[in-house]
Amino acid sequence: MAETISVEVARYSPERDTEPSSQRYDVPLHKDWVVLDALNYIKDKMDGSLTFRWSCRMGICGSCGMMVNGEPKLTCATFLSDYAGDGSPVRVQPLRYFPVIRDLVVEITDFMNKLQSVKPWLIRGDEKAVSEGEYLQTPEQLDRYKQFSMCINCLLCYAACPVYGLDPVFIGPAAIALAQRYNMDSRDEGAGERMDVLAQHEGIWGCTFVGECTKVCPKHVDPAGAIQQYKLTATIERFKSFLMPWAAGNSEMESAK
Amino acid sequence: MACVSINGANRLGSNSLPELLVFGARAGKAAALTSLEQKPPSEHVIAQANDEKRRLEEQFLRKTGGRERIATIRSEMHQAVESGAGIYRTQDSLQQAADKLQELRERFRNLSLDDHSLTFNTELLGALELEFMLEVGSAIVASALHRTESRGAHQRTDFPARDDRNFLAHALIFRSPDGSARIETTPVVITRWPPGERVYGVKSEVKEVAAR
Ligand code: SF4
Ligand code: FES
């Protein structure tokens with residue numbers, strides 16, 4: 001008989017329950033099993049009603065984020081064996097600060113709208129005709145935003161963010177990192193437009209650089225760095241629009257590219 | 001969608017992804033536009049939709065007493081298709097896969113779900129996907145049995161040569177009233193690049209030199 005480990009999973013069904021409860025399952029403890037393997041074992045063999053999101057099993061799709069023993073984790077990249085040993089069960093819960101739809105599945109529509117709101121595409125004043133060819137970019141120019149482009153929208157940074165916890169209207173770490181991904185792109189001319197969007201989010205100024213978002217990010221996006229970077233340029237722009245309204249706009253961000 | 005005809009017997013994964021992104025997006029947009037232009041559904045269509053709803057409830061959500069689990073059938077299906085209809089296939093291996101898939105499709109009717117909820121029911125989704133995969137798997141095996149030649153990633157070790165005379169064609173597969181597969185073909189339109197021999201290593205270098 002193989003070694004086993006207990007997994008304690010949050011359960012909630014809006015049709016049946018008034019509040020979440022938890023259920024314990026004993027699953028085999030294989031050395032190479034991640035938390036997601038345990039969940040799938042439960043669903044396949046023990047209880048087909050256990051509900052959770054996942055897809056790629058390789059840290060690409062960003063859909064398997066959950067709280068594991070209280071920390072936001074990609075369950076496909078979190079080994080069960082790291083929690084074995086002291087005999088206590090591994091606790092798996094839905095991502096913190098999000099409304100729960102069922103069991104481990106959270107409602108993310110609000111987040112999707114936030115992502116969309118920062119206009120995450122290249123904005124140009126003048127579009128080149130296709131026949132004129134590509135907008136070229138040097139490797140150095142690519143490096144300025146590449147890190148921010150690695151985000152997989154897993155939401156771990158939101159579940160780690162104390163500002164978002166207090167104020168769910170806050171646009172949040174990943175959306176700001178995504179805005180910076182385009183603001184810092186040498187082919188983009190939309191920083192001014194995006195600043196208008198971000199300026200509506202006072203929450204940004206509430207971010208005190210706790211840096212929890214950066215710590216939990218599985219893709220080393222460093223959203224906290226993006227927020228700091230954004231705040232700095234936004235402050236300069238604010239001053240400029242105050243002192244010399246004719247000069248405000250893209251200049252600061254443009255020169256950073 | 002499965003026959004947009006730009007890749008032929010080309011490599012499978014990497015090309016089909018951009019193909020999906022380009023043609024998938026176009027198909028989605030076209031479907032949305034078309035649906036906007038449609039009249040409201042007729043009673044006939046609504047009755048069909050209600051039938052399907054009833055089927056899903058009877059076959060999955062309200063059913064009790066089935067004995068098969070999704071995961072068991074799914075992994076037996078993986079095993080059968082992987083070993084019988086991988087890149088290298090023969091009449092025998094394909095026939096075995098076909099028989100196994102037939103058995104699994106029968107056992108599928110005896111499926112039982114633990115989840116009877118109408119909220120985010122991923123088990124129901126899994127069951128529907130499995131039903132589709134069993135059907136698509138059977139279609140793949142049937143057309144591979146029909147194609148007695150080798151081309152691209154379809155390597156019939158019992159028919160190693162390419163046969164343009166009979167098989168420079170797309171296979172179209174239809175469901176007959178009795179549920180079995182019927183195969184027809186449609187010609188390939190060649191625009192710029194005629195099919196060539198697929199070679200690797202030294203042979204491919206020789207071919208490249210010759211092309212220059
Ligand atoms: S920034 Fe990092 S933690 Fe946040 S959503 Fe993107 S990948 Fe996930
Ligand atoms: S399953 Fe895709 S990131 Fe974990």
Side-chain angles (χ1 to χ4, degrees), chain A residues 9-21 23 25 27-28 30 33 36-58 60-61 63-66 75-76 92-95 98-109 112 121 130 134, chain B residues 13-14 16-18 20-22 24-26 28-29 32 53 56-80 82 104 107-134:
Chain A
V9 189
R11 304 296 314 259
Y12 170 71
S13 159
E15 292 156 60
R16 228 187 23 224
D17 309 328
T18 47
E19 56 186 77
S21 57
Q23 194 166 349
Y25 302 91
V27 304
H30 296 295
W33 267 20
L36 182 61
D37 290 321
L39 297 177
N40 270 322
Y41 180 89
I42 296 168
K43 190 169 187 73
D44 286 352
K45 309 241 184 219
M46 306 166 85
D47 183 350
S49 74
L50 182 65
T51 304
F52 49 98
R53 282 197 183 99
W54 65 282
S55 176
C56 69
R57 297 187 303 179
M58 51 191 285
I60 299 282
C61 73
S63 61
C64 70
M66 298 167 210
T75 49
C76 70
V92 187
Q93 293 163 305
L95 277 181
F98 289 91
V100 177
I101 295 177
R102 189 169 164 200
D103 294 350
L104 300 162
V105 176
V106 293
E107 168 61 68
I108 59 170
T109 314
M112 300 308 271
W121 52 83
V130 175
E134 305 85 348
Chain B
S14 322
S16 59
L17 277 181
L20 198 69
L21 291 174
V22 173
R26 284 191 187 180
K29 267 187 203 147
K53 206 171 135 201
L56 293 181
E57 277 167 6
E58 275 163 22
Q59 199 179 334
F60 300 112
L61 290 175
R62 279 198 268 106
K63 183 168 128 188
T64 47
R67 277 197 321 272
E68 295 284 354
R69 287 193 76 81
I70 293 177
T72 321
I73 297 188
R74 193 176 51 212
S75 62
E76 286 184 36
M77 171 191 71
H78 286 165
Q79 182 62 37
E82 181 79 46
L104 292 175
R107 279 169 52 193
F108 180 86
R109 293 200 213 119
N110 199 11
L111 197 71
S112 140
L113 299 195
D114 300 333
D115 196 343
H116 301 262
S117 159
L118 292 175
T119 309
F120 218 97
N121 189 330
T122 52
E123 201 189 21
L124 174 61
L125 211 69
L128 296 177
E129 274 178 3
L130 178 60
E131 194 176 19
F132 295 152
M133 285 191 285
L134 287 169

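Throughout, a chain's letter reflects where its sequence line sits, starting with A, and its residues are numbered from 1.
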More than 12 foreign heavy atoms under 6.0 Å from NZ of B:K53: is that the case here?
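12 or below, so no.
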Of the listed residues (A:D47, A:D103, A:L50, A:N40), which shares the most heavy-atom pairs with chain B below a 4.5 Å separation?
A:D47
Among B:S117, B:G126, B:A71, residue most engaged with chain A (heavy-atom pairs, under 4.5 Å):
B:S117
Can you say whether the rings of A:Y41 and A:W33 are parallel (under 30°), tilted (30 to 60°) or perpendicular (over 60°)?
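Rings of A:Y41 and A:W33: tilted, 30 to 60°.
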Non-hydrogen atoms of chain A under 4.5 Å away: do they reach the side chain of B:L124, the backbone, both or neither?
neither
Rounded to the nearest 0.5 Å, how far does CZ of B:F108 lie from CE of B:M133?
9.5 Å
Can you tell which part of A:R53 gets under 4.5 Å to a heavy atom of chain B, answering side chain, backbone, both or neither?
side chain
Per-residue contact mode, A:K43 against chain B (heavy atom under 4.5 angstrom):
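Contact with chain B: backbone and side chain both.
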Can any side-chain N or O of B:R69 pair as donor or acceptor with the backbone N or O of A:D44 at less than 3.5 Å?
yes
Quick one: does A:V92's side chain get under 4.5 Å of A:L104's, heavy atoms only?
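Yes, their side chains come closer than 4.5 Å.
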